[in-house]
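Shown next, in structure tokens, is the structure this report addresses.
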Protein chains: 2
Amino acid sequence: MEAKRKLGAAIPDVPSSGTSPSPVAPGTGVGSLAPPAMEPVNPRLPIAPQIYERLRRAITTLLVLPSEALSEKELSLQLGVSRTPVREALIRLADEGLVDILPQRGSFVAPIRLRDVEEAQFIRESLEVAVACRLAGHCSPRFLSELRLNLARQESAVAERDRDLFLELDEAFHRGLCEEAGLSKSWRVIQSVKLQMDRVRYLSLPEPGHLDVLLAQHRQITSAIESGDSDEAGRHMSAHLKEVLGSANLLRQKLAHLIEK
Amino acid sequence: MEAKRKLGAAIPDVPSSGTSPSPVAPGTGVGSLAPPAMEPVNPRLPIAPQIYERLRRAITTLLVLPSEALSEKELSLQLGVSRTPVREALIRLADEGLVDILPQRGSFVAPIRLRDVEEAQFIRESLEVAVACRLAGHCSPRFLSELRLNLARQESAVAERDRDLFLELDEAFHRGLCEEAGLSKSWRVIQSVKLQMDRVRYLSLPEPGHLDVLLAQHRQITSAIESGDSDEAGRHMSAHLKEVLGSANLLRQKLAHLIEK
DNA sequence: TTTTGTACTCTACCATGGTAGGATGTCAAT
DNA sequence: ATTGACATCCTACCATGGTAGAGTACAAAA
């Protein structure tokens with residue numbers, strides 16, 4: 001049974017040596033200008049979520065750029081599926097603000113709207129501050145040790161300049177707080193609005209001291225939660241999340257061609 | 001050939017006027033096994049959103065009860081459309097937690113999960129408290145007068161015991177705060193999670209003094225915002241939103257057959 | 001040169017048929 | 001009487017064809 005997938009691994013599934021040999025060699029130009037060259041889907045699993053995941057990744061990593069067209073037909077051809085699951089994926093992406101669907105005209109990668117990024121930051125901060133406040137002094141020892149382990153791994157990631165690993169651990173850190181508080185739906189909301197910030201974040205160059213600052217803030221948040229100081233936990237979380245957006249302002253001029261408004 | 005409906009229905013239905021009085025008495029239950037009997041769609045407008053809207057209303061007003069089956073085929077027959085837009089509507093409702101889609105088994109109205117209702121309340125409160133804090137002292141005079149007008153209309157609605165009108169004005173009140181703060185996406189999130197609370201709220205019988213309490217809280221919030229007292233605005237908003245959920249606990253026993261966990 | 005009408009192209013959108021898999025009822029075997 | 005296998009039904013899911021509408025390019029008229 002290859003359909004069983006454990007939850008918790010942030011690594012996307014790799015259909016390693018898929019059952020069906022793709023008739024189209026990816027990257028060799030099937031006739032389009034700049035194909036995203038995404039991996040083919042696994043036909044044994046529900047297709048629509050796979051399409052969604054691939055498109056989401058392609059958009060947040062700027063593999064496809066804002067205002068680029070996302071044709072149902074073209075995508076279905078490239079991915080070797082019909083238009084229906086592609087359409088379902090596009091609808092969901094449109095719900096999350098990553099795609100603009102213009103009826104009878106086409107679907108396009110949404111521009112980076114600074115307004116939306118700032119509001120996403122507002123929503124995330126509002127929720128996570130409340131999560132931190134609620135969590136302060138109500139953690140299981142088991143969870144606190146997990147948190148400390150995560151922080152230790154963050155430290156080694158910083159030491160090794162492994163930015164991708166750090167971002168992964170960062171995500172696990174914040175998700176863990178929500179789940180320990182029994183607020184899984186809140187994390188879903190955060191994740192949804194965070195997509196708007198991810199594109200900007202992906203562009204922020206690895207400034208040397210930045211990760212150290214973030215790690216230090218993670219430690220402060222953890223300490224405040226552990227000691228049960230609700231206000232302090234909220235303050236540190238607020239400062240931490242403001243830090244993330246700070247990099248966006250630095251990019252404003254540099255990315256004028258990608259940003260709207 | 002159900003596609004040949006081009007010239008038939010030129011009658012413009014009223015999509016979201018909101019004031020359509022539902023003839024369903026909340027306490028008596030729907031009683032019969034009668035089908036939802038929803039209005040037919042307008043084929044000139046995009047169909048899928050119309051289906052979504054009708055189903056959302058039917059679920060939040062308990063016209064269809066939890067764990068009831070929502071078959072794509074059956075709904076498409078009842079509404080006179082194909083299964084595709086029905087499916088798209090169901091997917092969106094599943095995203096919002098009002099429908100459970102079990103692959104290859106069926107789609108069902110989600111049970112009222114008290115956990116989810118409480119978390120929806122948490123999310124809403126976190127966001128709206130932050131909105132109120134941000135808004136305090138930063139309102140245009142024009143908006144404040146609008147707010148006062150809304151409060152006056154609320155007062156007359158309370159005087160006339162018009163609960164539906166009050167709920168409508170209540171929604172406009174909270175939405176207005178978000179929009180004045182330039183946080184339209186936040187309102188979308190609030191609206192999305194509020195769906196979980198709406199089913200419970202729809203069941204709360206009209207206790208005589210309840211609307212007066214809510215109105216008084218609206219006034220307190222407005223005053224705090226007007227005077228620029230951020231903390232006070234947040235506190236009043238928090239108390240106000242906690243009040244809404246309070247009725248849920250009263251219903252816990254009464255609705256055990258509708259509520260899960 | 002500017003404006004307008006028109007044919008064409010491309011798109012999302014919907015209808016509809018086919019398919020795989022879970023659920024259930026029936027019947028035989030123990 | 002209980003249990004197991006099997007046949008049937010029903011479901012979501014996907015593939016695919018058709019349709020109307022918005023953009024666009026070009027030609028004709030002012």
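With respect to Arg56(A) and Glu96(A), no salt bridge is recorded, no charged nitrogen being found less than 4.0 Å from a carboxylate O. Residues Glu119(B) and Lys185(A) are not paired through a salt bridge, judged by the lack of any N-O separation under 4.0 Å between the basic side chain and the carboxylate.
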Readout for nucleotides 9-14 of chain D: B = base within 4.0 Å of protein heavy atom, S = sugar-phosphate only, - = neither; 5' to 3' it is --BBBS
Under the side-chain contact (heavy atoms from CB on, under 4.5 Å) rule, what do Glu128(A) and Ile123(A) come out as? Steps first, then yes or no, please.
CA-CA 9 Å; Glu128(A) 289 215 49; Ile123(A) 295 171; over 6 Å; no
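Residue Leu98(B) forms a side-chain contact (heavy atoms from CB on, under 4.5 Å) with just one option from Leu93(B), Asp198(B), Leu70(B), and that option is Leu93(B). With Phe108(B) as the partner, the side-chain contact (heavy atoms from CB on, under 4.5 Å) test is satisfied by one option alone out of Ile101(B), Val99(B), Leu102(B), Val64(B): Leu102(B).
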